[in-house]
Amino acid sequence: MALQVYSTLTRKKEPFHKKPGDAVTMYVCGPTVYKPSHIGHMVGPVIFDTVKRYLTYLGYKVTWVVNITDVDDKLIVRAGELKTTVPELATKMTDDYFDCLKKLNVTGIDQFPKATEHIDGMIAMMAKLIEKGCAYPADGDVYFDVSKDQDYGKLCGFDPEQLEGAGREVSGKKKNPGDFALWKGAKPGEPKEVTWESPWGPGRPGWHIECSVMSQKLLGDTLDIHGGGLDLRFPHHENELAQSESASDKTFAKVWMHNGLLKLRTPDGKEDKMSGSLGNVLNVADAFDRGVSGELLRFFLISTHYRSPIDLGTWDPKTEPLPSAIENARKAFDTFIRFTERFQRITGQSFYDSLKVDPRRTLSVDMSGYLSRFGEHMNDDFNTGGAVGVMFELVTTLNRTADLNRLEDSAPKRDDRSLATFGEGAMLLKEMGQILGLFQQKPEAAKLGGDDNLVAGLMSLLIDLRNNLRTTAKGIADKADPTKKALFDQTDLIRKRLAELNVTLEDRPAGTTWRVG
RNA sequence: GGCCCCGUAGCCAAGUGGUAAGGCAGCGGUUUGCAAAACCGUUAUCCCCCGGUUCGAAUCCGGGCGGGGCCUCCA
């Protein structure tokens, strides 16, 4: 099956309209930079980064733009609370956002246009809309006239007439209740740095116009893919679409993709949103501090289909540092981490640095099945959940290969012929990881605290001592010998006491390793 | 009230007409001095309920019940 993508506009999966090798443009609505990013803010970037990675893998030339909204009511309010300026707050929070993206391997965004750097373009588009009769100035503001847009509401299936019934009123300045602001006239007392001159008087842009202007300037009148969170469908995307198509008379976006939102419940089972007042906001930085790696978070977010809500379950931040759903994801993701460690023990190469994947290589029959099934899932509207399942199956197969052929044993016992198969499968796993944005950064081992060199030295000392005892004990042939038992009791005591300190010892053919956790 | 989505094992989660992927947890086994890790086996006669279409439905249609999103600035 060729690539199919679900479009919110038509509410069905459609064959992707481009041929491999073609250029593809993608625009995704980005953050309003007024607060540090919480994990919910990462859903969209991770999903669409994965979309770009897969399209790139298929041979498309993707250009991806994400806007930064750096002027807005929330920024003005927040800057006031913090006794800082809007530009300073925006810069700080933009840096926080970039830092989060980097840790989550979101590397595919080509440009981050800022709203404040495109005011001229917005003024030009508003002038055009007014000239075409689609918008009107009103006492310092400029509004879009939804009654002039024949198909307003088509993205969400809303009837403009019905919008009137839902508690919306025609304010003094608006002609229709559904009209929305393109330009907001400056109010007395608003800071200078959020005020720009315009033909309709000083003011600042409305929310939606920036995306219409910046996407058109950087990617043209018609986007191949427009993306964002499901919550942005209305009003933001509906309004963007209305403005852009009214201005250009062309299709604004061929495909609209909307990702599901993060869901969570507080212990009373009633609230289902992260909110500052409930204290259940999990900032990305907090998650990192609590031992969640960027790749683990990414793995968690792509373990389910992007259009489904991501369920964090019930979380009581007072008693649990992390939602249990993330702890469960950690256990699952550890399977891959352990495999990468095993790969290094067997081949002496780092899974993260040394493996260079050549996508043109040929695969043996038994390995090509995994890749084709992985591709079938990804072709089906980027079904990352199914694709991850294939990766688990591949790891199991590789571990079985390593077990059966004793690849961790020393040379005489090892069946070297199977090493090639093992290496081929590992390369395939690496390639799948690259497509999903995983295995790009070597995970930092959990630490015990204190001086790292000292800890490593002491652990080495303990392991050597313990292995001396084990060697001596194993050398005693008589199974009933009390000395043999006494020696093993000592080695088990060492392991037990270390376990109490959250250190796990693992005895392997090639030696003993230790890890935290 | 309007528009839309979802309901698969203890939990998470693929599967949209051909007889239920995968993960976590559990149980049994192999391996190991014993563990850990890994591997093998096992865990849903059935996919919220009722009716219908069909040779055949978790998948399509109708009706319930339950959960969720959006309806002017929340990613």
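Residue numbers begin at 1 in each chain, while the letters A, B, ... track the order of the sequences. These values consider heavy atoms only, across backbone and side chains, with no hydrogens, waters or symmetry-generated copies.
For A:Asp231 and B:rC74, the CG to P distance is 9 Å, given to the nearest whole Å. Rounded to a whole Å, the NE2 atom of A:His258 is 19 Å from the P atom of B:rC3. B:rC5 atom P lies 9 Å from atom CZ of A:Arg233, rounded to whole Å. Between the CG atom of A:Leu182 and the P atom of B:rU72 there is a distance of 18 Å, rounded to whole Å. Atom CZ of A:Arg307 is separated from atom C1' of B:rA75 by 18 Å (rounded to the nearest Å). If you take CZ of A:Arg11 and P of B:rC3, they are 11 Å apart, rounded to a whole angstrom. Distance A:Ile109 CD1 to B:rA75 P: 16 Å, rounded to the nearest Å.
In summary, A:Lys496 and A:Glu500 engage in a salt bridge, as defined by a charged side-chain N under 4.0 Å from a carboxylate O.
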**Under 4.0 Å protein heavy-atom contacts per nucleotide of nucleotides 21-35 of chain B, with B for base, S for backbone only and - for none** = BSSSS-------BBB
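Residue contacts for A:Asn383: at a heavy-atom cut-off of 4.0 Å it reaches the sugar-phosphate backbone alone, with no base atom in range. Note on A:Asn399: only backbone sugar-phosphate atoms sit closer than 4.0 angstrom, heavy atoms only; bases stay farther off. Among the protein residues, A:Lys74 comes within range of the sugar-phosphate backbone only, with heavy atoms under 4.0 Å from sugar or phosphate atoms but none that close to a base. Within 4.0 Å of A:Leu261, counting heavy atoms only, lies at least one base atom of the nucleic acid. Residue A:Arg338 is classed as a sugar-phosphate contact, given heavy-atom separations below 4.0 Å to backbone atoms only. Using a 4.0 Å heavy-atom criterion, one finds that A:Gly40 contacts the bases of the nucleic acid, with or without backbone contacts as well. Counting any heavy atom pair closer than 4.0 Å across all strands shown, A:Lys12 reaches no nucleic acid atom. No contact: A:Asp481 has no heavy atom under 4.0 Å from any strand.
For A:Tyr6 and A:His38, each mapped to the nucleotide of RNA chain B holding its nearest heavy atom, the one lying further toward the 5' end belongs to A:Tyr6.
In terms of the side-chain hydrogen bond (donor to acceptor under 3.5 Å, both in side chains) criterion, A:Arg338 has no residue partners (sequence neighbours excluded). A:Val516 pairs by the side chain to side chain contact (heavy atoms under 4.5 Å, CB included) definition with A:Ala446, A:Leu448, A:Asn502, A:Trp514, not counting sequence neighbours. Taking A:Thr397 as the reference, A:Tyr370 meet the side-chain hydrogen bond (donor to acceptor under 3.5 Å, both in side chains) condition, with sequence neighbours excluded. Every residue meeting the side-chain hydrogen bond (donor to acceptor under 3.5 Å, both in side chains) condition with A:Thr10, not counting sequence neighbours, appears here in chain and number order: A:Glu14.
A cation-pi arrangement is absent between A:Lys13 and A:Tyr6 under the rule of less than 6.0 angstrom and at most 45 degrees off the ring axis.
No close placement of the A:His237 and A:His208 rings is indicated, their centers lying 6.0 Å or farther apart.
Of all nucleotides present, only B:rG2 satisfies the Watson-Crick or G-U wobble test against B:rC70, with each distance under 3.5 Å. Summarising the base pairing, B:rG41 is matched to B:rC27 through a Watson-Crick or G-U wobble pair whose two defining distances lie under 3.5 Å. Across all strands shown, B:rA13 remains unpaired; no Watson-Crick or G-U wobble contact has both distances below 3.5 Å. Across every strand in view, B:rU32 sits unpaired, with no contact that passes the Watson-Crick or G-U test at under 3.5 angstrom.
Annotation: salt bridge (Lys or Arg N to Asp or Glu O under 4.0 Å) contacts involving residues 393-405 of chain A, sequence neighbours excluded, comprise A:Arg342-A:Asp403, A:Arg373-A:Glu393.
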